[in-house]
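Just so we're on the same page: letters track the sequence lines, and every chain starts at 1.
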Amino acid sequence: MAEKRKAELVVPIEDEDDLLRITPLGAGREVGRSCILLQYKGKTVMLDCGLHAGREGMNSLPFLDSVDPESVDLLLVTHFHIDHAAAVPYYLEKTTFRGRTFMTRPTKGVFRWLATDYIRVTNTSNSDSSALYTEADLVRAHAKIEEIDVHQQVEVGGIKFTAYNAGHVLGAAMFLIEIAGVKVLYTGDYSREEDRHLIPAENPGVPVNVLITESTYGLHNHEPRVDREKALMKQVRDIVRRRGCCLLPVTALGRTQELLLILEEHWRRHISELEGVPVFFISALGKTGTSLYKQYVMDMSQRIQRQLSRTGQNPFDFKYIKTRTRLSEVPDTGPCVVLATPGMLQSGVSRQLLERWAPRPENGLIITGYSVENTLARDINNSMDDIPALSGGKIARRIVVSNISFSAHVDGAQNCAFIDEIRAPFVVLVHGEENTMMRLRANIVDKYKTSDYEVSVHTPRNTQPVRLHFHGEKIARVKGGLACKVPAHGDAVSGILVEKDFNYTLVDTADLHEFTGLAPVVVEQQQQVPYSSSFSLLRLHLEQMFGELALTTEKSNSGITHTLRVYDAVDITHSSWKTYVEVEWVGDIMNDMAADSVVAVILNTESSPASVKITQGRGCSHSHNGGDGDGGHECDDGAMHVDGTDNANGAAIDGVSGPVRTGACAEVMARLPLFLTQQFSHVEVAADGSCVTVRHGGQTAAVDAHTLEVQSGSLELKERVAPLVAQVQRTLRPLSRRTTALPEEQPAQAKDEEAASEAGESSDAEAGSEPEPDSEPEVEAEPTPPPTPGR
Amino acid sequence: MSNALQFTAISGANSEDAVCYILEIDDAKILLDCGSYEDYAGEGLAQLQRVAPQVDAVLLSHPDLAHVGAYALAYSQYGLTCAAYATQATQMMGRLCMLDVVKTLAAREEFSLFDEKDVDAAFESVTALQYFQPKALPGKHSGIVITAHSAGHTIGGTIWTISNGAEVVLYALDFNHMKEGHLNRSSLMEGGLGMVNQRLMRPTLLITDSYNALYSLPTRKQRIECFLGSVGDVIKHGGNVLIPVDSAARVLEVAHILNDWWPHDKMRRDTHVLCLLSGYGRRVRSFAQSLVGWMSGGIESQMSDRDAKPFDLRYVTIVQSLEELDRRVRKDSRPRGRSRRAVVLAPLEGMSTGLSQELFLRWAGDRKNAVILPQRGPPSSLARQLYTRWWDRTQTRRTGGSNDSSADASSVVQLAPPVRLSRSTISVTVKKRVQLEGEELDNWIVQEKRRKEQEAAREALLKRKRDMLDDDDVSSASESDDDATERRIGMAAAIGDVSAVAFSEIDLETERLLSGQSFDLYVRGRGPVRGLYLENKSYCMFPFQEMNRRTDEYGEIYELEKYMVKLDTDDATLALDADKPYESDDGGKKESRPTKAVVEERRVQLNCQLSFVDIEGRADGTSVRNILALVMPKRLVIVHGSSAGTKALADYCRDPGVQVTKEIYTPRVGEILNVSSGVNVYRSRLTDTLFKQVRMASVQDSMVGFVSGRVRYAQGDQVPTLDRDGTGLQSAWHPTVLVGDPRLSALRSVLGKQGITALFDSEGSLVCNNVVAIRRGAGKHGGPDTLQVLGNPSADYYHIRAVVYSHFAAL
């Protein structure tokens, strides 16, 4: 056994079937256009499908053409941000993708409006109308997207996946994907910090094989959230106190709602002080956003839910914050706080307000989001003395600018802690700039160099697959009759293995329907063979061919019906008043053969002149043409014949039994080289015929001619030759013996070899009749082929 | 290897009582639902009390009284402290339902079984699940996995699968196979057109109800039309409509239907108000809006307008008391001064108590008014009595002519316009609270005063003790009053000897003196106390208590702050300022006058119209029967239905022509059923060497193959490994098994592709090329499906046979 296990380890892992490929089509060593492809066991899953914010048109798409969209089974979208979801309508509507798409419920709901907004913005900014899709496409695509709930387990054709909370934004999910027992966790963008309304990223709590994680911040660490919040509130308060106006450029949906909650709470706590200082949220999507957020309260943290269920008051019903769609709805007097879109001051309300407020030093600008290069939000940090006005010209900048990041990505420490918690043997980093990513990787590798946590970290470029090999363990559930007792070491087990979506069930044939819903089908066959002679003649011919046959007789008004049974499988029914014989059997490779020979015999019976002669010679009185002779005679005749043939058969068996045994061996030996040469190139027969030698790959195996035992220095070769020899033996065994003797044989497989060598000694009386028929068809019929040598 | 499985009904078996069952899997006890109607009486509760402490998990399936009614009671009084599971929507709406019931009962009778706090505590301890979220039970029962699937019927309504090894129990009560206004159909029926969900098929045990077994219904469309038609008629004739509904479940559907219909006619908006009369109506609406995800997709997509709220019920006015209803009706009166009428949805659905009953008492006498029942109500409730009368009247009237068909007609509910049961009366048990008067009032005042004094004394004592124990001022300036109270409670809980439980009488007396509530210290001689006899004679003459600062053995002063139980788990910055005092749904003023509960019997003249339209949202009898046949459970337990209904359903399922299952149980309450299937199962590894030898054939959507190998155990491994047979004879001969789809229609198309003309003859056999017939055999009982191929030996025969074989996978 020990050798056995060793051999198992040698199994080459370069099996295509065991290869898991993870290919970033976007977000490989970059931030933006997340799109990661997961391929394993013929299943393909696409994770996210976003656009690059810094590019336009087709250039902003991930490298979608490196995979055939039709082969993608599943598209999972982690959250509604443009860089994770915006290419979904394109992929659903403009390609041949026909798989299923899933988002969490809030993601789907919010994405609808965010994408609408995105289309509007790109259409106005790009005059050449290079928009990837239109509103109509979006509506169609949106209808195809399926919703899932967090923690809900979904199975699509063998791919099991579950969404877990990821923090980050409302509805953001991590996906745990399981294909054939291999579990991959894709974090998307995630956050481990608890904030006012979101559930921080969870650990799924199951062993994960591959972790695909974001690395936006690399090793950079944030200040604690509490400090950031305090700092923000202090800034806001300072500005308001000096009677200035405070501008917070924000996006319409996402982190903004968290800011609103913070402000609302601050105002409520300090209302005495802040009385009369209005807070406005100006965004075209603002109202929609708030109503969406209200609707998805159930997907937020316990705290928010408790607030609702205890008080019946929705936390997003703001009392102090007023939502407006246009700037003109906001009065322009005295100190105020305004949150306005867009978040990077490119244009729009936030830009207008900035231009209006920039010259006065008591005003303040607080940037809370992540700013992309080449936007004013990024540039204004670099101590610009004046800012370009949208209408041309320059405006002096005296407004106080500060930066407090509220983007909810994990920082370096949190990311490392999460990796440590998950302990996946393979970690794939995506969604990070190359430098930060490499530093994170080096850090992780370094950290665990000496520990017992063996981790390999991959940082693939776009379209460069990470190839991992997983030797999935196959665990079958043995059910029903087969599982009556747990088998002991060395017990033989056989049954029907059913695989559905990588789940294996092993059951007995009788239990197949019950446990798997698959129906075993029996094909009963009935042929009507024209025959109008007497029954006794038929019986004579059949018994000559098949030995003694069981007979049942039935009398009815119309006449007598005789039924003969061949090989306990084929029923031949002869009714005295019919001009045909019914042959009935249950369809099976063996039975079909038997039935065919029965039919052949019947068809021959009447036409064969020999039979006429024989029966005449015996002085039989029945007519060879007539339909119904008199029954009584026939019976007598039949009995007579039976005796005769029986004796003959008995004699034959007695006489031949000795030679048969050696004969069988000789037969096997005669044919063995023929079979072996088909498998092995070098087969030699010893001059005296005492053994056959097989040479293969420098090893030899010898088959003894008398015992048919295989001997070889190489276990592997022996294991290949031995089954072949056994197969040849079985193939050449007489048919009758097989059909009757096998049931006893099965449980005692181990001794089969000995049993086979004693072939002639069987106890069945029917043996001995015509051993030769059909050895050829039988080879084809063998249900299990000889093991194909694994080259 | 097999599991023990027992089922016991605590309540709701062979009757329409509220449901509560115990399922025992091995040694885990799972309580399936925990219901009780608002009377809180009956055998079930005593039983529940007995078993509650032993239960390991509770599953709640619908947010109505019949399913969660006793949960808060069991949680607070019976020691049901185990994990409870429900969908998020059931949790939220179930809580509202219970709050409403508690409030209703407390306002009308001496109800002290549990209060709102208990309800909140009970439902906050529920673990909220999503549909299809597999959840393993905690601790030693981790092998048991429960999964919620949608049931229809109510928001968040659940049918559960409970699986453990080979046993898969499907607990499906009150499901609806049809899509409704605000709810999707049950996921039981999501297997495609008229098919059952594959994942829920073939459970080893199915527990289902026979509530509707004797009952089949017209289509939903007809019923809704009839319902709205009835309401519309009454409106036209200027009457009031009372629709008794439950607190938080079906009310949503009824409100949704009416809300959609209301604006169609401007006239009725002038003459009538559509009201939801419920103490928790606002919360019901607000919760429902946040639970849109649990409703049907249609609701959400109605949000075509960006800023519209889904499920806003904008035409439904929510009123919280009868007084407010009167105000509404009067306030909005038209210039001519005629006040408006109202269409009112009011809980509880049984009308045995609550606002619906009050309204009934008020309106039943008027010929113009109507009571329209959307549900039959709990057995023996007022609603059920009305339903029975309605039934007797309408159904006998219809079948009056032909008595022969009455047996059959009893099972089909006919839609009927509202009927008038002229000159009939009905007796109603009215429970209400009346204010105390005269002597009773005086007594109460005296008692109350004494109680208050004691309370104040206790409070003061507690405070002083704390002050003495802890020099540091407890309440810092920044803390709000609420915080301080919480801390006090927290402290009380934390400090052992000031546990606020046992103060001696003398302490309290002392305290009263000190706090200036009394001016004399009456010192009672204390009885002989064991111990020093000096103490025997000592009297407390001067109110003084020596209070030492508590120190540990090193003289370090205990800082109580450190040991105080923090009540609010939120971290400090996150902490909400104490939840804003909730703008209560209850119409504001709190009753200060003392009251007592009285019960009176009243006879009420039934002049109003009466109608029943089934909007219960349950699958009717016919559908249930069809669904059972599709689910194909191995064992079936039928509960929650009248004896007759249960028997009828059981008989139907036993019918050999239907082939649901042969093992059908209709337990009585308290009867212990052993329903384990005895299926054995174990896990085994398959080695690759073995697997590579298996020829797998594709059948339907699975792969099948014949495996034969030998078991070995790796060292220290409990899981057997099935490896290929090293003795060289692994591929032993075995009889061929054909596996596949035995339907002739499937075969026909296969034959057609091979150029064989195959036609069905009148007897249902498939005749191929006019020479070979293929018949579908019935299969020996329980045996495999059989196909019979008949013909003469001919080339066609062998060709067709080959095609038939190739249609199946041969193993």
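- Ranked by heavy-atom pairs shorter than 4.5 Å toward chain B, the options A/D592, A/L603, A/T505 are led by A/D592.
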Step by step, work out the side chain to side chain contact (heavy atoms under 4.5 Å, CB included) result for B/M696 and A/L497. CA-CA 8 Å; B/M696 299 294 273; A/L497 183 70; 4.3 Å; yes

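- Heavy-atom pairs under 4.5 Å with chain A were tallied for B/A773, B/S702, B/A148; the largest tally goes to B/S702.
- A 6.0 Å sphere centred on CZ of A/R477 holds more than 12 heavy atoms belonging to other residues, nucleotides or ligands.
- Within the 4.5 angstrom heavy-atom criterion, no atom of A/Y580 approaches chain B.
- B/Y797 and A/Q526 make their closest contact through OH-N, 3.9 Å (heavy atoms, listed as atom of the first residue, atom of the second, distance).
- Of the listed residues (A/G480, A/P530, A/P106, A/P315), the greatest number of heavy-atom pairs within a distance under 4.5 Å of chain B belongs to A/G480.
- Interface residue B/L722: only side-chain heavy atoms are found under 4.5 Å from chain A.
- Minimum heavy-atom separation, A/R105 to B/G293: NH1-CA, 2.8 Å.
- To the nearest 0.5 Å, atom CG of residue B/N680 and atom NZ of residue A/K479 are 11.5 Å apart.
- Shortest non-hydrogen contact noted between B/P793 and A/V599 is CG-CG1, 4.0 Å.
- With a threshold of 4.5 angstrom between heavy atoms, B/K634 approaches chain A through side-chain atoms but not through N, CA, C or O.
- At distances below 3.5 Å, not a single donor-acceptor pair connects side-chain atoms of A/Q295 with backbone N or O atoms of B/V292.
- Remark: B/M92 CE to A/L308 CG distance equals 4.5 Å, nearest 0.5 Å.
- Residues A/V521 and B/G740 approach most closely at CG2-O, 3.8 Å, considering heavy atoms.
- Contact annotation for B/Y131: only backbone heavy atoms (N, CA, C, O) come within less than 4.5 Å of a heavy atom of chain A.
- Top candidate by heavy-atom pairs under 4.5 Å with chain A, chosen from B/G705, B/S794, B/A810, B/P720, is B/G705.
- Distance check, rounded to the nearest 0.5 Å: CD of A/Q313 to CZ of B/R282 gives 11.5 Å.
- Contact of B/V707 with chain A is made through backbone and side chain together, with heavy-atom distances under 4.5 Å.
- In this structure, chain A has no heavy atom under 4.5 Å from any part of B/Q91.
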Full working for side chain to side chain contact (heavy atoms under 4.5 Å, CB included) between B/D688 and A/K474: CA-CA 8 Å; B/D688 282 351; A/K474 294 181 183 70; 3.4 Å; yes

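- Counting heavy-atom neighbours within 6.0 Å of A/K108 NZ, excluding the residue itself, gives a total above 12.
- Contact of B/R202 with chain A is made through the side chain alone, with heavy-atom distances under 4.5 Å.
- When each of A/V150, A/L506, A/V297 is scored by its heavy-atom pairs under 4.5 Å with chain B, the top score falls to A/V150.
- Contacts between B/R95 and chain A at a heavy-atom distance below 4.5 Å involve the side chain alone, from C-beta outward.
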Take B/F132 and A/I148, measure what side chain to side chain contact (heavy atoms under 4.5 Å, CB included) needs, and give me the verdict at the end. CA-CA 9 Å; B/F132 305 114; A/I148 50 163; over 6 Å; no

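- Interatomic distance, A/R306 CZ to B/D120 CG, rounded to the nearest 0.5 Å: 11.5 Å.
- Between chain A and the options B/V804, B/L686, B/I774, heavy-atom pairs under 4.5 Å are most frequent for B/L686.
- For a residue to count as touching a neighbouring chain, one of its non-hydrogen atoms must lie under 4.5 Å from one of that chain's; by this rule B/F123 does not touch chain A.
- Across all their heavy atoms, B/F808 and A/V523 have their closest contact at CE1-CG2, 4.5 Å.
- Distance check: B/Y682 OH to A/L482 CG gives 6.5 Å after rounding to the nearest 0.5 Å.
- In terms of heavy-atom pairs under 4.5 angstrom with chain A, the leader among B/A128, B/P134, B/A89 is B/P134.
- There is no contact between A/V721 and chain B, counting heavy-atom distances below 4.5 Å.
- If you measure heavy-atom distances from B/Q788 to chain A, the contacts under 4.5 Å come from both the backbone and the side chain.
- Within the model, atoms CD of A/E155 and CZ of B/R199 stand 6.5 Å from one another, a figure rounded to the nearest 0.5 Å.
- Looking at A/A143, there are no atoms closer than 4.5 Å to chain B (heavy atoms on both sides), in backbone or side chain.
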Applying side chain to side chain contact (heavy atoms under 4.5 Å, CB included) to B/T147 and A/Q153, what does each step give before you reach the verdict? CA-CA 10 Å; B/T147 316; A/Q153 195 182 63; over 6 Å; no

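- Smallest separation of non-hydrogen atoms from B/Q130 and A/D149: OE1-CG, 3.2 Å.
- Interface remark: A/Q305 contributes side-chain atoms only to the contact with chain B (heavy atom separation under 4.5 Å).
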